[in-house]
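Below: the structure, in structure tokens.
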2 protein chains.
Amino acid sequence: MTEQSLPLAGIGIAALERDIGVGKDTLRVWERRYGFPKPHRDAIGERVYPADQVEHLRLIKRLMDQGQRPGVLLRMPLTELCEQSASTAIGIGADEAVDWVIPMLKARDVDHLRAEFAQRLARDGLERFVTKTVPALNRRIGDGWMTGEIEIYEEHLYTELMQNQLRSSIYALASRGKRPHVLLTTVKDEEHLLGLLMAEALLAANGAWCLSLGAQTPTSDIVGATVGSTIDIVALSFSSAYPWRKARNVLVELRAALPGNIELWAGGAALIGRERMIPSVVVLETLGHIGTALTNWRKLRGGASSEHGAT
Amino acid sequence: MTEQSLPLAGIGIAALERDIGVGKDTLRVWERRYGFPKPHRDAIGERVYPADQVEHLRLIKRLMDQGQRPGVLLRMPLTELCEQSASTAIGIGADEAVDWVIPMLKARDVDHLRAEFAQRLARDGLERFVTKTVPALNRRIGDGWMTGEIEIYEEHLYTELMQNQLRSSIYALASRGKRPHVLLTTVKDEEHLLGLLMAEALLAANGAWCLSLGAQTPTSDIVGATVGSTIDIVALSFSSAYPWRKARNVLVELRAALPGNIELWAGGAALIGRERMIPSVVVLETLGHIGTALTNWRKLRGGASSEHGAT
DNA sequence: TCATCGGTTTGTCCTAGACAAACTGAAAAC
DNA sequence: GTTTTCAGTTTGTCTAGGACAAACCGATGA
């Protein structure tokens, strides 16, 4: 009785923008230029995107994030798109065997998942867990979702459990006062926290003092939070759904607004291949670079902590 | 050379959207309807908002967040706006002396705040901490923000620190398998997590097994997450910012979609005074009612756990 | 091998109109 | 006396097609 109420099921353009990470204007202009996506219209003529087109778009966005061109992908039939996706997936290969996570998620075996995460973390250490196991798990979940192997809420559940695991590790590591002091957050419209938590865990493991403001802090608040504080570094995370141009604009704007003695670090899938793009912003292409960046900072700034009064 | 290049300094509409948190469409329609903001135009006719208008808008947004109406604020001269901002300052009653939090926040004394939270929690116990101290702190922070005593990002910071405190308490309490099994989350467009975490802490302290899906889970995912699981209760939190009619609709819809043997609990400021509104949904007006509701559930359902197969 | 240049692609901004959801306040019903 | 209902108003988001700059492409020249 509950399902039949909406035979024209689908989502609106604002929801699609959030889901896929492509602006409303862009979605409309794609429809005009390439004839795809071609959403249904509801009673008042507004766009309603059915689930299959949303999936189709998600695949396109994924390939775009790998550097493919929109005009080509949007004209390509779905079958060919799938081949593209399959052929790019080979190169990565087996980082670590993590297939166990799928059946556990399907069985809603929450206690078991929690235990498995905790056990692997204890056995391998935080650094290996965060740089190897978690990315492998994320990839496996992402693939499983693309192939329809797992449902959206199972991905949601995984994310939630992993976030809790990381939070408790970070809490246990909390160091007092040690330099550098790092402010972590994501900007408005970027709600993915997992990457940020992974970064925070690595920073904390390397003895940095971390302060996370959580997700979606407006830029003016980020600046405000550094005023009169002892923050040395502001670190931001951008997921692949975040349009990289927008990320660049935010970074340029924030760089200009922050005092010069505070470094600005940025990372996440949205910035891969864009290291050179933003002047005087440290772009960390992978989590592994955090350690190096931290060592560099300590070498350059660590000894000169008395300089903090400089304008 | 870099600074002087723009004598007509200002920001574009996309940057303003990020800064203030008001959509591009809304900004344009305000200009059309109320004549404010009235940005300059650059060489190609695009909007350029000067700094004073940005500040003016920031003030308006702040008063809007307190519940004032846009049409009134946008027609009001700046001077009157400032008076408004100043005059909303009145104190309520003293639940508990929590004024200490303000200077600590102003001093960005994060370590001290964390320590203070942890100490009070250890001294008074979780139940008292969550039902008395945290609400008192929330109220004090809210007041401080209305009066301009503290900045928005300081409220943000408080929320983040408190959430971490609660999360670590919950993690430490995690009970295995004990009934009832409670699924906690907020619905789409409700991003406030603090109330949900407070509820989770109380539930966990009373021996319930909790699974939090975090914020903004789509209703279909909430239903999906209960399928094939052992969930007894779905619990939702609605902050005061959530329109109560919308809350009622969501609850009615969700009640219909969930199997009858799963209870639906809802709480939060949006539902105060609306206990009778939704049939067969348990509306918890205050956090204190969680304990009673739990006892009731155990009396009615606890003994009959073999019923869980019923559809 | 690297820089320069025209042509093409692509995202974002523009205008102005429309409409549903949310809010307001008064009248009606419990 | 409280709560629900209802009409009127406010308010945000959507639609359409046009425009243009910045980014990207491939070819030509140094």
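Below, each value reflects all heavy atoms present in this structure, side chains not excepted, and no hydrogens, waters or symmetry copies. Each chain gets a letter, A, B and so on, in the order the sequences are listed, and its residues count up from 1.
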> B/P135 and B/T131: which non-hydrogen atoms are nearest, and at how many Å?
Replying inline: CG-O, 3.3 Å
>> Rounded to whole Å, please give me the gap between CD1 in A/I44 and C1' in C/dA21.
In response: 10 Å
>> It should be established whether B/R41 places a side-chain nitrogen or oxygen under 4.0 Å from OP1 or OP2 of nucleotide C/dT15.
In response: yes
> Are the ring centres of A/H40 and A/Y49 closer than 6.0 Å?
Replying inline: no
> Can you list the residues that meet the ring-ring contact (aromatic ring centres under 6.0 Å, His included) rule with A/F238, with sequence neighbours excluded?
Replying inline: A/Y242
> When the distance from CZ of A/R28 to C1' of D/dT13 is rounded to whole Å, what number comes out?
Replying inline: 9 Å
> Heavy-atom distance under 4.5 Å between the side chains of A/L57 and A/P37, does that happen here?
Replying inline: yes
>> Please tell me if A/R47 has a side-chain N or O lying less than 4.0 Å from either OP1 or OP2 of D/dA16.
In response: yes
>> Applying side chain to side chain contact (heavy atoms under 4.5 Å, CB included), can you list everything that pairs with A/A15, at least two apart in sequence or on another chain?
In response: A/I11, A/R18
> For B/L16 and C/dC13, what is the distance between atoms CG and P respectively, to the nearest whole Å?
Replying inline: 11 Å
> Got B/R58 and B/I20 here, is their nearest side-chain heavy-atom distance under 4.5 Å?
Replying inline: yes
> When every nucleotide of nucleotides 7-12 of chain C is labelled 5' to 3' by its protein contacts under 4.0 Å (heavy atoms), B for base, S for sugar-phosphate only, - for none, what sequence of letters results?
Replying inline: --SBBB
